[in-house]
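Okay, structure first, notes after.
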There are 2 protein chains.
Amino acid sequence: MAQKQTADFETRESSGDRLLAVLALFTIERSEWTVEDAAAQLGVSAPTAYRYFKRLTVAGLISPVSGASYTLGPAIIQMDRQIQISDPMLRAARGVMHDLIGHAAEGSALLLCRLFHDRVMCVHQVLGRGPQAPVSYERGRLMPLFRGATSKIILAHLQLRTLKSLFERDGAEIAAAGFGGTWDAFRTSLGAIRRDGFIVTRGEIDAGRVGIGVPVFDKDRTILGSLSFALSEARAGTALIERLTPLTVAGARDIERIMNDAPSSQVSSARLRVAR
Amino acid sequence: MAQKQTADFETRESSGDRLLAVLALFTIERSEWTVEDAAAQLGVSAPTAYRYFKRLTVAGLISPVSGASYTLGPAIIQMDRQIQISDPMLRAARGVMHDLIGHAAEGSALLLCRLFHDRVMCVHQVLGRGPQAPVSYERGRLMPLFRGATSKIILAHLQLRTLKSLFERDGAEIAAAGFGGTWDAFRTSLGAIRRDGFIVTRGEIDAGRVGIGVPVFDKDRTILGSLSFALSEARAGTALIERLTPLTVAGARDIERIMNDAPSSQVSSARLRVAR
DNA sequence: CAATAATTTTCACTATGTGATAATTTTGTG
DNA sequence: CACAAAATTATCACATAGTGAAAATTATTG
């Protein structure tokens, strides 16, 4: 419906959008911005850019550093801490994951991922002993929804309606991920995953990694995210996988139980439990 | 001109400010908000609140959860990761702190704090072995600028101009923190701290904790933050403190050296994009 | 303490945000 | 799977609040 005409290539942005666009400028590739660079980048005048920077600074989202440039500010760290403290799933998972990683082989990682709207992000990770091959699922990275055990197990438990609209929108990508090109094939393979209650994948995200994904539900059996192992393929024989899978499933159940037992008032003790 | 009379106590806020005010609603005490609650709280109409929520959602700063409510979103975690990866001081400190904690007694903690504008925040913490008494300086908490070794050592190295304006603004608090009520007394005690190159405090933040604070400077000798120990007072005899202090100072120098040697291009693992 | 850079004010103008109501979509439930 | 209730978005007329240019002010640096 809302088709843009070819002539008007520039997206008309509202003021509030531009304010957030300033924040979005701060990336890993470029973590510091001067006001005038930002003004040029966004196509606004210097005074306007100063107004934006000031607002974001007052909010603590950015902060001046030496020279005339700015970086992401203390509010980011503060809000991240809020998530760590108040996200019930994350709170419940910390201890469980700490215990669970002990069972894994060297070079393995344990990941807790959370469904955000229609995206998946790692919110907590625990590394096992020994040298680590790269794990793309680092805390804070958005992950594709259609590849890897971590994501697939979540995908499999989305509402049918959601899946349908995803299929319509991202059909090509879904087909590319090996779900087959038809809605029925997609639906059927997800059904199979759901029935298993877990999924094992090999090298779908990182070469040399085996993933074991298990769903985590809330009280109403709505999917919240997943708990998953990323094992080193070299060290992960069938025996190990078969041993770890039920443990991972049990871990997810533990997380759910702790989460549901926890007092719903989340304020309680503000103290964060940090293992070692 | 636009002086509000007593009747109109509410600060006239611009649209962009209100957008950020929505974000500020999400606190530890209340980590979930519905659109209509937020609308009521901010005194705007429902459609306007929906517009705000939509913008913040598109930016990933908040995210819908089950029911009609929203929580802080994936962008927060992502940006926190960006800070972790791209803040030069934090990057340099990680290894140093890991090594340093080994020298401490049981129940001690090592903290890296960063000066943000005129506030101090813990950006990294490493806990030692053994049971931990509470440490108020948790990662993500804003700390007072005038109390505790961590903050005082930073305070002592602020620009004279900055100190002067702080003294004018927060004179009472400064006096209460034991710096004496006069500018000269304040200035003199800070000078003494600066000359020592470190500061040891007892129980200024948490009872039963001894703090050892050491400054961290950037290439231009501008204060960036501090490295500090929070020891258990019961276990921290004079001997231990005298042993740890030079180690902490050396640690800070190490951090500075690593920071300055590091390639200025901060893009190591270039991949960050969503994969989608 | 100059000299230059960085930031804020002022001001006239119009784009952009606003609320009330209505239309639409999503969600929960039998 | 359809229905009702809730949640979300669209419409539209209006006035607020954001905008850029230039000037004034305040920091920073040698």
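Chain naming here is simple, since letters A, B, ... match the order of the sequence lines and numbering starts at 1 in each. Please read these numbers as outputs of a predicted model, since none were measured by experiment.
- The distance from atom CZ of A:Arg221 to atom P of C:dT29 is 17 Å, rounded to the nearest whole Å.
- Nearest-nucleotide positions on DNA chain C for B:Ser66 and A:Gly16 put A:Gly16 closer to the 5' end.
- In this structure a side-chain-to-backbone donor-acceptor pair under 3.5 Å is present from B:Ser151 to B:Pro144.
- Whole-Å rounding puts the A:Leu158 CG to C:dT27 P distance at 12 Å.
- A:Asp220 has its CG atom 9 Å from the P atom of C:dG28, to the nearest Å.
- Here the C1' atom of nucleotide D:dA5 and the CD atom of B:Glu36 are 13 Å apart, to the nearest Å.
- In this structure, CH2 of A:Trp33 is placed 16 Å from P of C:dA6, rounded to the nearest angstrom.
- Within the structure, a side-chain polar atom (N or O) of A:Tyr50 is placed less than 4.0 Å from OP1 or OP2 of C:dT7.
- In this entry the distance linking CG of B:Leu42 with P of C:dT18 reads 11 Å, nearest Å.
- Nucleotide C:dT18 holds its P atom 14 Å from the CZ atom of B:Phe53, rounded to whole Å.
- The distance between atom CG of A:Leu20 and atom P of C:dG17, rounded to the nearest whole Å, is 11 Å.
- By the salt bridge (charged side-chain N to carboxylate O under 4.0 Å, His left out) test, B:Asp218 pairs with no residue at all, sequence neighbours left out.
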Would A:Tyr70 and A:Phe53 count as a ring-ring contact (aromatic ring centres under 6.0 Å, His included) if you check the C-alpha gap in whole Å, the side-chain angles of each, and the deciding distance to 0.1 Å? CA-CA 9 Å; A:Tyr70 286 74; A:Phe53 272 62; 4.9 Å; yes
Where along nucleotides 19-29 of chain D does protein come under 4.0 Å, by heavy atom, of base (B) or sugar-phosphate alone (S), with - for untouched nucleotides? BB-B-----BB
So A:Met89 and A:Leu112, side-chain contact (heavy atoms from CB on, under 4.5 Å) or not? Walk me through it. CA-CA 9 Å; A:Met89 179 173 69; A:Leu112 182 74; 4.2 Å; yes
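- In this structure a side-chain-to-backbone donor-acceptor pair under 3.5 Å is present from B:Asn260 to B:Glu256.
- The number of heavy atoms from other shown groups lying within 6.0 Å of CZ (B:Arg253) is above 12.
- A 6.0 Å sphere centred on CZ of A:Arg55 holds more than 12 heavy atoms belonging to other residues, nucleotides or ligands.
- When the side-chain nitrogen and oxygen atoms of A:Lys54 are compared with OP1 and OP2 of C:dT8, one or more of them lie within a distance under 4.0 Å.
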